[in-house]
Amino acid sequence: MVKRHITEQTIIFFSILKWTGLAVFIGAIVGFAIHFFIIAVDGSSAYMLTVTNHIWLLPIGLILSNILVTKFAPDAKGHGTEKVIEAIHKKNGRIE
């Protein structure tokens, strides 16, 4: 009876070690990804501070993307969150 109790404690101990190791590993990966993302955001915002005359590109990009979607992918019109919810509830998760 005592030996079985020690075996269960050993299994629990190694299980805790396994999950702690996995949590540390995944935490390190996510930490590095966030670090590089913050560096990219900082670099792009520093670049945008140097570029002052190109703010007019935003509406042009919006109009151009609208034209591209309307001309080359007319079936993409109207697909959004409400279409996904409708597909899940009424069409067994299928979106055209």
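Under a 3.5 Å cut-off, the side chain of Ser65 and the backbone N or O of Gly61 do form a donor-acceptor pair.
Residue Leu17 shares its hydrophobic cluster (ILVMFWY side chains chained together at separations under 4.5 Å) with Phe13, Phe14.
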Atom pairs and distances, side-chain donor-acceptor, residues 34-49, under 3.5 Å, sequence neighbours left out:
unit_1	atom_1	unit_2	atom_2	d
Ser44	OG	Ala40	O	3.2
Ser44	OG	Val41	O	3.0
Ser45	OG	Val41	O	3.1
Ser45	OG	Asp42	O	3.0

Tabulate below the donor-acceptor pairs under 3.5 Å that side-chain atoms of residues 18-28 make, not counting sequence neighbours, or state none.
unit_1	atom_1	unit_2	atom_2	d
Thr20	OG1	Ile16	O	2.7

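The residue from Leu68, Thr70, Leu64 that alone fulfils the side-chain contact (heavy atoms from CB on, under 4.5 Å) condition with Asn66 is Thr70.
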